[in-house]
There are 2 protein chains.
Amino acid sequence: MRKSRPGRQKSCPAKRERIPSPSGQNAFQKHSEDFVYRELLEEVKRDHFSGASELAHKAARTLGSFCQEWPNEDRNKFSDEFIWLAKELVRAQREITPIFNLANKTVNLLKSQPARLNARQIADQIAKEVSDFEKNSVQALAAIWKEGAELLPAKTTVITFSSSASVLGIIRQANQRKKQVEAFVCESRPLLEGRRLARMLAEEGMKVNLIVDAASGFFISKIDLVLVGADSISENNFVNKIGTYALAVLARQHKKPVWVATEESKFISQEARGNPAIGGDPKEVWQQSQSNITCLNPYFEEIPLNLVEKIITNQGILSPAEVPNFIRQFPLALELVEL
Amino acid sequence: MRKSRPGRQKSCPAKRERIPSPSGQNAFQKHSEDFVYRELLEEVKRDHFSGASELAHKAARTLGSFCQEWPNEDRNKFSDEFIWLAKELVRAQREITPIFNLANKTVNLLKSQPARLNARQIADQIAKEVSDFEKNSVQALAAIWKEGAELLPAKTTVITFSSSASVLGIIRQANQRKKQVEAFVCESRPLLEGRRLARMLAEEGMKVNLIVDAASGFFISKIDLVLVGADSISENNFVNKIGTYALAVLARQHKKPVWVATEESKFISQEARGNPAIGGDPKEVWQQSQSNITCLNPYFEEIPLNLVEKIITNQGILSPAEVPNFIRQFPLALELVEL
């Protein structure tokens, strides 16, 4: 199981590290730092602000550039360097499941290539796969929005937590279909992402209520449905912003359904995923906290799938019982599992 | 049932209202505004910042001053004026159960006086009752602290919500007895009263963790006990700061006990209590909120007593099943029920 790192650091080193690649003398003719893929790798490492989709796009561009820039036909060297780069990307953003899945997919593709192909031919194959990944992730969101908007009954009151592109799109599209959805949005301390979602929903002209997270227990009896996104989803649970678990337990107590909306690229075997990272900046909880008070600031938590009724994906609607089989579609590359 | 008013207003009228008393021409010799009790009544009406105990003390001083200042022996006039004043105090602070209970107790005492006594003799009796109420409420807190500190097992990790004098005292005293209590304190949005409690506990040199309210679901599995105060407690539920219900439901899900610490003066029949007030200032949720987003800001909520294991009072430890009988000790004055 991959171990979680102690938290996403907000600071970045003043000088860029030079990471030796596995083949010692780099297979590229010029200094590796002159290549675009190295620039992009450093950018992925430094980026602790973008969302999962944006980060996955950056990782895809990194792998794509590497393939385009590969200078010779030495298949073994290409293979070693590619796997090294895939691992670097996963290590750089361990919590971002779509990056892991992109790395996994491309490493598996690399390993399945017939012996007759040279590095150039393989690099072209992988570049195409990476480009498809980018296109698919845009299409995946659109598919989820459509599916979810169809599924939402008219005049539904939905409660949600934090800010999810999937949830935004579903409610927006349902509203455009005149389904008269009303939303309760939890503000989502400490970073208050809920305000952003509330603003975007309000722009649609729909009825939006913003509440403090602690008020979710008060309003749970007034809503019809809990609808949330996911940072990742595994055989028995999904990971989402802290506070989602309490909301799901309240929903269970009040017999309200919980739906999770998430793309294929967020599915990952528990074996490969590890635990969600702990340790946002304590100052986000209380800027002026005294030294003798410990401010604990976990960003993410696991929510058991037995609290969930439906999972809306770009491949259709799943029940929690169908998730393990869905994950088994994507075999794990051993090189990444051991990270 | 008493109806809740639409929320505690933060502003007070620029000019003091002159409320006619029921006997028309006031029974006092000089203008009623010259009496201390009228000053104190206005102060109670204006006070939307003090806690329940402090407000009850102010109400007690109001009734005590009225009794001391009463100028003649006309028993009927005294009775009418006293009941009018008691009602005014209850109306001024409807959510403050100790004020209702003080008014109720003194009106009942007034009505039970034998026919041979004159106004002066009755006023003295009531003044003594009021003075006892004040003394008792200080002693009640001390009794709860002692009782709770004895009950808390050593090395307990407690989670609490908002800021309660009962909870503070219990944990402080348990810690002074070397019980090594560790506290998780929810910050309690929107007004963040949890920070104040965290600071006071940290001054005791104990281990204090402050968390966002949404993180309570993450930490519930790591604590032994939920310990909260109450604004009031009735036959089937208690009222406390918004967020307490979600915490109690999480505790039930994780089979953790919920204890409520509260004085005798917070017990009130549901019949007399009405619903907790809704409607704090929406700006407390989001100062810069747009007009097309509704910020809902309920301060209090009801928590069913079937989620509670123990109630720590100054009269000993109660189970939820014992609460209705405990409340029956205090008969209701009809004059106040109809308010």
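First the proteins, then the strands, lettered A, B, ... as listed; each starts at 1.
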Measuring only between side-chain heavy atoms, which start at C-beta, is [X] closer than 4.5 Å to [Y]?
{"X": "K310(B)", "Y": "S319(B)", "value": "no"}
{"X": "F267(A)", "Y": "T313(A)", "value": "yes"}
{"X": "D231(A)", "Y": "T97(A)", "value": "no"}

Query - Passing option when Y299(A) is tested against K241(A), E95(A), E284(A) for side chain to side chain donor-acceptor pair (under 3.5 Å) - result: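 Considering K241(A), E95(A), E284(A), a side chain to side chain donor-acceptor pair (under 3.5 Å) with Y299(A) is found only for E284(A).
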
Query raised in the report: In this structure, which one of N237(A), T244(A), N236(A) forms a side chain to side chain donor-acceptor pair (under 3.5 Å) with E302(A)?
Result: N237(A)

Report task. Please confirm whether the backbone N or O of V228(A) pairs with a side-chain atom of S164(A), one donor and one acceptor, at under 3.5 Å? Result -> no

Report task. Examine distances only and state if a side-chain atom of S166(B) and a backbone atom of T262(B) form a donor-acceptor pair shorter than 3.5 Å. Result ->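 Pair absent, no side-chain N/O of S166(B) close to backbone of T262(B).
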
In terms of heavy-atom pairs under 4.5 Å with chain A, which of [options] leads?
{"options": "I293(B), L192(B), I211(B)", "answer": "I293(B)"}
{"options": "L296(B), I303(B), V208(B)", "answer": "L296(B)"}
{"options": "L250(B), D213(B), N209(B), L210(B)", "answer": "L210(B)"}
{"options": "L247(B), L201(B), V285(B)", "answer": "V285(B)"}
{"options": "F161(B), Y245(B), W286(B)", "answer": "W286(B)"}
{"options": "E203(B), R252(B), M206(B), R195(B)", "answer": "R195(B)"}

Query - For chain B, which residues of residues 173-189 of chain A have heavy atoms nearer than 4.5 angstrom - result: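 Residues F184(A), E187(A), R189(A) are the ones that qualify, each having a heavy atom under 4.5 Å from chain B.
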
**Report entry** Closest contact, heavy atoms only, A248(A) versus V258(A)
**Finding:** CA-CG2, 4.2 Å

Report summary line: Pair count under 4.5 Å, heavy atoms only, with chain B: among A202(A), G205(A), P190(A), A246(A), highest is A202(A)

Got a list of side-chain donor-acceptor pairs under 3.5 Å for residues 217-226 of chain B, not counting sequence neighbours?
from: K222(B); atom 1: NZ; to: F218(B); atom 2: O; distance (Å): 3.3
from: D224(B); atom 1: OD2; to: T157(B); atom 2: N; distance (Å): 2.7

